[in-house]
Trainee: 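Dropping a structure here in structure tokens format, bear with me for questions.
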Amino acid sequence: MDRSFPMTRAAGLDRLSEFLAGAGASYAADRNTDRGTEHAPTTSALSPYLRRRLITEAEVVAAADRAFGDGGAEKFVSEVFWRTYFKGHLETHPSAWTEALALAAAGHERLAAEAGLRRTYEAAIAGRTGIEGFDDWARDLVETGWLHNHARMWFASIWIFTLQLPWALGADFFMRHLLDGDPASNTLSWRWVAGLHTRGKHYVARAENIRRYTEGRYDPAGLDEYPDALDEPMPPRERPLSPADTPPSGQAALLLHLDDLHPESLPLGGATVMRVGGLIAHADGASDRVRSADRVAMADALARAGAYFGCPAGPVEAGWAGDLPVLTAWAPVGPSATLLPDGCRRVRRAWDEAAWPRSTRGYSRLRSAIPAVLAGCP
């Protein structure tokens with residue numbers, strides 16, 4: 001099965017249509033099954049497009065409801081909301097991201113100093129551990145930028161509990177290579193597997209489960225199937241969600257970034273867009289494949305924005321906005337938010353405005369509010 005991801009909005013919409021016409025009907029039953037790269041995915045494989053918002057969560061959920069109706073899309077919709085939940089949770093617990101970065105940096109320092117740890121790490125990222133499944137997943141990640149969601153959980157659990165490697169180094173490895181890697185989903189998923197996101201509740205990869213959901217392709221031996229969850233001195237502290245800004249009235253410059261590349265649907269109020277600039281902030285150490293995908297996605301968004309607003313659109317350069325006020329989509333915690341210039345007016349979509357305040361604790365609160373969120377996001 002072709003696992004390439006042409007990083008354009010048109011390609012994302014095509015993949016959405018293919019999913020709704022194919023695997024979408026059996027998503028609830030098959031989504032945990034990983035049949036390997038030679039078969040069509042059992043998941044939607046839309047996350048590289050959702051990560052950059054080449055397509056939006058709202059339009060994906062609306063399309064699924066139209067296709068399956070009467071609750072037929074309920075499980076898929078819930079999974080789409082997991083990505084929203086992670087973003088909202090990290091936005092209100094930003095130290096989870098900064099601490100992960102610090103732990104990854106400390107882990108790389110340990111690799112330089114500890115030969116045994118370095119050998120284990122190098123074997124893991126090269127797919128040379130001898131653990132069935134894990135080695136193929138490591139190579140697939142590097143070669144394609146993609147892993148099935150269930151394989152990601154197995155991989156993270158084996159990394160942490162069987163290989164006893166620092167979890168933040170695993171999260172860093174994923175961020176460097178995943179085409180859909182974003183700070184929220186990646187960081188908090190690794191924390192969840194480790195037992196840190198929900199304290200004491202960790203995810204343990206078991207040979208029987210891997211055998212079952214790979215349909216017998218893998219039967220790994222030697223896994224630690226009864227580990228203790230990891231712990232930390234202090235969990236990330238919650239902080240209030242920062243308010244969005246009001247768009248300026250009149251002429252303005254629009255700044256695009258990699259967390260939101262659908263400018264046609266941004267809530268711009270009374271602003272008249274006269275210029276569009278594109279700011280690319282790659283994840284630290286991102287692979288050439290990820291960097292290329294980012295560049296293609298931005299080029300696609302700039303071309304669409306120029307046509308939609310009827311104005312110049314190109315990469316951000318010195319003085320690109322002139323004297324115009326600059327507005328931009330809200331950039332959640334991560335590289336884009338770090339690089340946004342001071343003085344930008346940040347607007348937030350109704351989807352995030354409704355969902356993020358319900359994402360401060362466990363997922364169940366947001367899940368129960370999904371009908372209310374959807375009602376407010378036509």
Trainee: Below 4.5 Å, heavy atoms only, C-beta onward: do His282 and Val290 meet side chain to side chain?
Mentor: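 His282 does not reach Val290 side chain to side chain.
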Trainee: Go through the side-chain N and O atoms of Asp300 and Thr8 and say whether any donor and acceptor fall under 3.5 Å apart.
Mentor: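 Side chains of Asp300 and Thr8: no pair found under 3.5 Å.
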Trainee: Strictly under 6.0 Å, is that where the ring centroids of Tyr121 and Phe173 end up?
Mentor: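 Not under 6.0 Å, so no.
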Trainee: How close do Pro335 and Ala283 get, heavy atom to heavy atom, and via which atoms?
Mentor: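 In this case the closest contact between Pro335 and Ala283 is CG-CA, 4.1 Å.
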Trainee: Taking the inter-plane angle between the rings of Trp330 and Trp356 on a 0 to 90° scale, is it parallel (under 30°), tilted (30 to 60°) or perpendicular (over 60°)?
Mentor: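 Geometry flag for Trp356 against Trp330: perpendicular rings.
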Trainee: Is there a continuous path of hydrophobic side-chain contacts, each under 4.5 Å between heavy atoms, that joins Leu256 to Tyr308?
Mentor: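 Same cluster: Leu256 reaches Tyr308 through Ile, Leu, Val, Met, Phe, Trp or Tyr contacts under 4.5 Å.
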Trainee: Between Asn32 and Asn149, is there a side-chain heavy-atom distance shorter than 4.5 Å?
Mentor: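 A side-chain contact under 4.5 Å is absent here.
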Trainee: Does NZ or CZ of Arg152 lie under 6.0 Å from the centre of the six-membered ring of Trp146, at an angle within 45° of the ring axis?
Mentor: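 Judged by the rule, Arg152 and Trp146 form a cation-pi pair.
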Trainee: Ignoring hydrogens, what is the shortest heavy-atom contact between Arg348 and Ala244? Give both atom names and the distance.
Mentor: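 Reported closest heavy-atom pair: NH2-N, 3.6 Å.
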Trainee: Do Trp159 side-chain atoms and Pro166 backbone N/O form a donor-acceptor pair below 3.5 Å?
Mentor: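 Indeed, once roles are kept as given, a pair shorter than 3.5 Å links the two residues.
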Trainee: Quick one: do Arg31 and Glu79 make a salt bridge, cutoff under 4.0 Å?
Mentor: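 Yes.
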Trainee: Would you compute the distance between atom CG of Leu268 and atom CD of Glu264 and round it to the nearest 0.5 angstrom?
Mentor: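 Going from CG on Leu268 over to CD on Glu264, the span is 10.5 Å.
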Trainee: Locate the shortest heavy-atom distance separating Leu327 from Ala252; write the atom from each residue and the value.
Mentor: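 So the two residues come closest at CD2-CB, 3.4 Å.
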Trainee: Arg83 and Asp180: which non-hydrogen atoms are nearest, and at how many Å?
Mentor: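 Reported closest heavy-atom pair: NH1-O, 3.9 Å.
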Trainee: Quick check on Glu74: does its CD atom have over 12 non-hydrogen neighbours (other residues, nucleotides or ligands) under 6.0 Å away?
Mentor: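 Open.
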Trainee: Set out, in order, the CA-CA distance, both residues' side-chain angles and the distance that settles side chain to side chain contact (heavy atoms under 4.5 Å, CB included) for Arg217 and Ile210, then state yes or no.
Mentor: CA-CA 9 Å; Arg217 288 187 359 266; Ile210 294 172; over 6 Å; no
Trainee: If you group Ile, Leu, Val, Met, Phe, Trp and Tyr by side-chain heavy-atom gaps below 4.5 Å, do Met175 and Leu101 land in one group?
Mentor: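 Unlinked, Met175 and Leu101 end up in two clusters.
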Trainee: Without swapping roles, check the side chain of Ser26 against the backbone of Ala29 for a donor-acceptor pair under 3.5 Å.
Mentor: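 It does not hold such a pair.
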Trainee: Got a salt bridge between Arg191 and Glu99, using NZ or NE/NH1/NH2 to carboxylate O under 4.0 Å?
Mentor: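 No, this pair does not count.
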Trainee: Same hydrophobic cluster for Phe86 and Val193, using side-chain heavy-atom links shorter than 4.5 Å among ILVMFWY?
Mentor: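 Different clusters: Phe86 never reaches Val193 through Ile, Leu, Val, Met, Phe, Trp or Tyr contacts under 4.5 Å.
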Trainee: Can you classify the ring geometry of Tyr49 versus Phe5 as parallel (below 30°), tilted (30 to 60°) or perpendicular (above 60°)?
Mentor: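 Ring orientation, 0 to 90° scale: tilted.
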Trainee: Run the ring-ring contact (aromatic ring centres under 6.0 Å, His included) check on Trp351 and Phe81 step by step: do they pass?
Mentor: CA-CA 10 Å; Trp351 181 278; Phe81 268 91; 4.6 Å; yes
Trainee: Is there a side-chain contact between Tyr85 and Thr360, using heavy atoms and a 4.5 Å cut-off?
Mentor: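 Not in contact.
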Trainee: Determine the minimum heavy-atom distance between Ala321 and Val326, stating which atoms define it.
Mentor: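 The pair with the smallest heavy-atom distance is CB-CG2, 3.7 Å.
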Trainee: Are the ring centres of Phe134 and Trp137 closer than 6.0 Å?
Mentor: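 No, ring centres 6.0 Å or more apart.
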Trainee: Would you confirm whether Thr328, through its side chain, and Cys344, through its main-chain N or O, come within 3.5 Å as a donor-acceptor pair?
Mentor: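 Absent.
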Trainee: Less than 4.0 Å between a side-chain N and a carboxylate O, is that true for Asp219 and Arg211?
Mentor: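 Yes, charged N to carboxylate O under 4.0 Å.
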Trainee: Any heavy-atom pair between the side chains of Ile131 and Leu163 that's under 4.5 Å?
Mentor: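 Yes, side chains in contact.
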Trainee: Decide, yes or no, whether a salt bridge links Asp135 with Arg128 under the criterion of side-chain N to carboxylate O below 4.0 Å.
Mentor: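 No, this pair does not count.
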Trainee: Determine whether the aromatic ring centres of residues Phe68 and Tyr27 are separated by less than 6.0 angstrom.
Mentor: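 So the answer is no for these two rings.
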Trainee: Treating Arg289 as the side-chain partner and His177 as the backbone partner, does any N or O pair qualify as donor plus acceptor under 3.5 Å?
Mentor: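 Side chain of Arg289 to backbone of His177, a donor-acceptor pair under 3.5 Å: no, none is there.
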Trainee: If we ignore hydrogens and angles and just use 3.5 Å, is the side chain of Thr162 paired with the main-chain N or O of Leu223 as donor and acceptor?
Mentor: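 Checking the backbone N and O of Leu223 against the side chain of Thr162, no donor-acceptor pair under 3.5 Å is found.
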Trainee: Heavy-atom count around Arg119 CZ within 6.0 Å, excluding the residue itself: above 12?
Mentor: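 Atom CZ in Arg119 is not packed in, count stays at 12 or less.
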Trainee: Of Asn186, Leu90, Leu188, which meets side chain to side chain contact (heavy atoms under 4.5 Å, CB included) against Trp97?
Mentor: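 One option only clears the test, and that one is Leu90.
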Trainee: Got Tyr213 and Asp34 here, is their nearest side-chain heavy-atom distance under 4.5 Å?
Mentor: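 Tyr213 does not reach Asp34 side chain to side chain.
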Trainee: Say whether, by atom type as modelled, one donor and one acceptor occur between the side chain of His202 and the main chain of Leu196 under 3.5 angstrom.
Mentor: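 A pair under 3.5 Å: no.
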Trainee: Under the 3.5 angstrom rule, does the side chain of Ser157 hit a backbone N or O of Met153 as a donor-acceptor pair?
Mentor: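 Here the side-chain-to-backbone pair does not exist.
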Trainee: Are Arg361 and Thr198 side-chain neighbours, meaning at least one heavy-atom pair lies under 4.5 Å?
Mentor: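 Heavy-atom side-chain distance check fails, nothing below 4.5 Å.
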Trainee: What do the steps show when you test Asp245 against Val347 for side chain to side chain contact (heavy atoms under 4.5 Å, CB included), and what is the final call?
Mentor: CA-CA 6 Å; Asp245 298 316; Val347 299; 5.6 Å; no
Trainee: Do any N or O atoms from the side chain of Thr120 and from the backbone of Gly116 form a donor-acceptor pair under 3.5 angstrom?
Mentor: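 Yes, Thr120 side chain to Gly116 backbone: donor-acceptor pair under 3.5 Å.
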Trainee: Assigning hydrophobic clusters by single linkage (Ile, Leu, Val, Met, Phe, Trp, Tyr; side-chain heavy-atom cutoff under 4.5 Å), is Ile158 placed with Trp190?
Mentor: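 Ile158 clusters together with Trp190.
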Trainee: Flag the pair Leu13 / Glu59 as yes when at least one side-chain heavy-atom distance between them is below 4.5 Å, and no otherwise.
Mentor: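 Sidechains of Glu59 and Leu13: in contact.
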Trainee: Return the orientation label for the His89 and His93 ring planes: parallel under 30°, perpendicular over 60°, tilted otherwise.
Mentor: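 It falls in the parallel class, under 30°.
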Trainee: Ignoring hydrogens and geometry, is there a side-chain-to-backbone donor-acceptor pair from Ser292 to Asp288 under 3.5 Å?
Mentor: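 A pair under 3.5 Å: no.
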Trainee: Would you say that Lys87 contacts Ser359 through its side chain, given a criterion of any heavy-atom pair below 4.5 Å between the two side chains?
Mentor: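 Result no, sub-4.5 Å side-chain heavy-atom pair not found.
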Trainee: Would you check, one step at a time, whether the test side chain to side chain contact (heavy atoms under 4.5 Å, CB included) holds for Leu169 with Ile125?
Mentor: CA-CA 10 Å; Leu169 282 180; Ile125 64 173; over 6 Å; no
Trainee: Side chains of Asp259 and Ser336: donor-acceptor distance under 3.5 Å anywhere?
Mentor: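 There is such a pair between these side chains.
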Trainee: Closer than 3.5 angstrom, by distance alone: can the side chain of Gln251 be matched with the main-chain N or O of Leu324 as a donor-acceptor pair?
Mentor: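 Side chain of Gln251 to backbone of Leu324: no pair is present.
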Trainee: With the threshold set at 4.0 Å, does a side-chain nitrogen-carboxylate oxygen contact exist between Arg110 and Glu114?
Mentor: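 Salt bridge flag = yes for Glu114 with Arg110.
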Trainee: Provide the closest heavy-atom pair for Ala23 versus Pro41 in the form atom of the first, atom of the second, distance.
Mentor: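 So the minimum-distance heavy-atom pair works out to CB-O, 3.8 Å.
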Trainee: Determine the interplanar angle of the His148 and His150 rings, folded into 0 to 90°, and report it as parallel if under 30°, tilted if 30 to 60°, perpendicular if over 60°.
Mentor: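 Aromatic pair His148/His150 classed tilted.
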Trainee: Between Arg349 and Ser265, do the side chains contain a donor N or O and an acceptor N or O under 3.5 Å apart?
Mentor: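 Looking only at side-chain atoms, Arg349 and Ser265 do form a donor-acceptor pair, the distance falling under 3.5 Å.
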Trainee: Using a strict cut-off of less than 4.0 Å between a Lys/Arg side-chain nitrogen and an Asp/Glu carboxylate oxygen, indicate whether Arg139 and Asp136 qualify as a salt bridge.
Mentor: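 Salt bridge present between Arg139 and Asp136.
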Trainee: May I ask you to check whether over 12 heavy atoms, not counting those of Arg212, lie within 6.0 Å of atom CZ?
Mentor: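 12 or below, so no.
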Trainee: Assess whether side chain to side chain contact (heavy atoms under 4.5 Å, CB included) is satisfied between Cys311 and Val276, documenting all intermediate values.
Mentor: CA-CA 7 Å; Cys311 69; Val276 181; 3.7 Å; yes
Trainee: Does a salt bridge link Arg53 with Asp352, judged by any charged N lying under 4.0 Å from a carboxylate O?
Mentor: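 Judged by the 4.0 Å cut-off on N to carboxylate O distance, Arg53 and Asp352 do form a salt bridge.
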Trainee: Report the C-alpha distance between Phe76 and Phe19 in whole Å, list the side-chain angles of each, state the deciding distance to 0.1 Å, and finish with yes or no for ring-ring contact (aromatic ring centres under 6.0 Å, His included).
Mentor: CA-CA 11 Å; Phe76 174 67; Phe19 169 69; 4.9 Å; yes
Trainee: Membership question, hydrophobic clusters at under 4.5 Å side-chain separation (ILVMFWY): are Leu165 and Leu178 in the same one?
Mentor: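 Same cluster: Leu178 reaches Leu165 through Ile, Leu, Val, Met, Phe, Trp or Tyr contacts under 4.5 Å.
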Trainee: Answer yes or no: is there an ion pair linking Asp260 with Arg52, defined by an N-O contact shorter than 4.0 Å?
Mentor: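 Here Asp260 does not pair with Arg52 in a salt bridge, since their nearest N and O are not under 4.0 Å apart.
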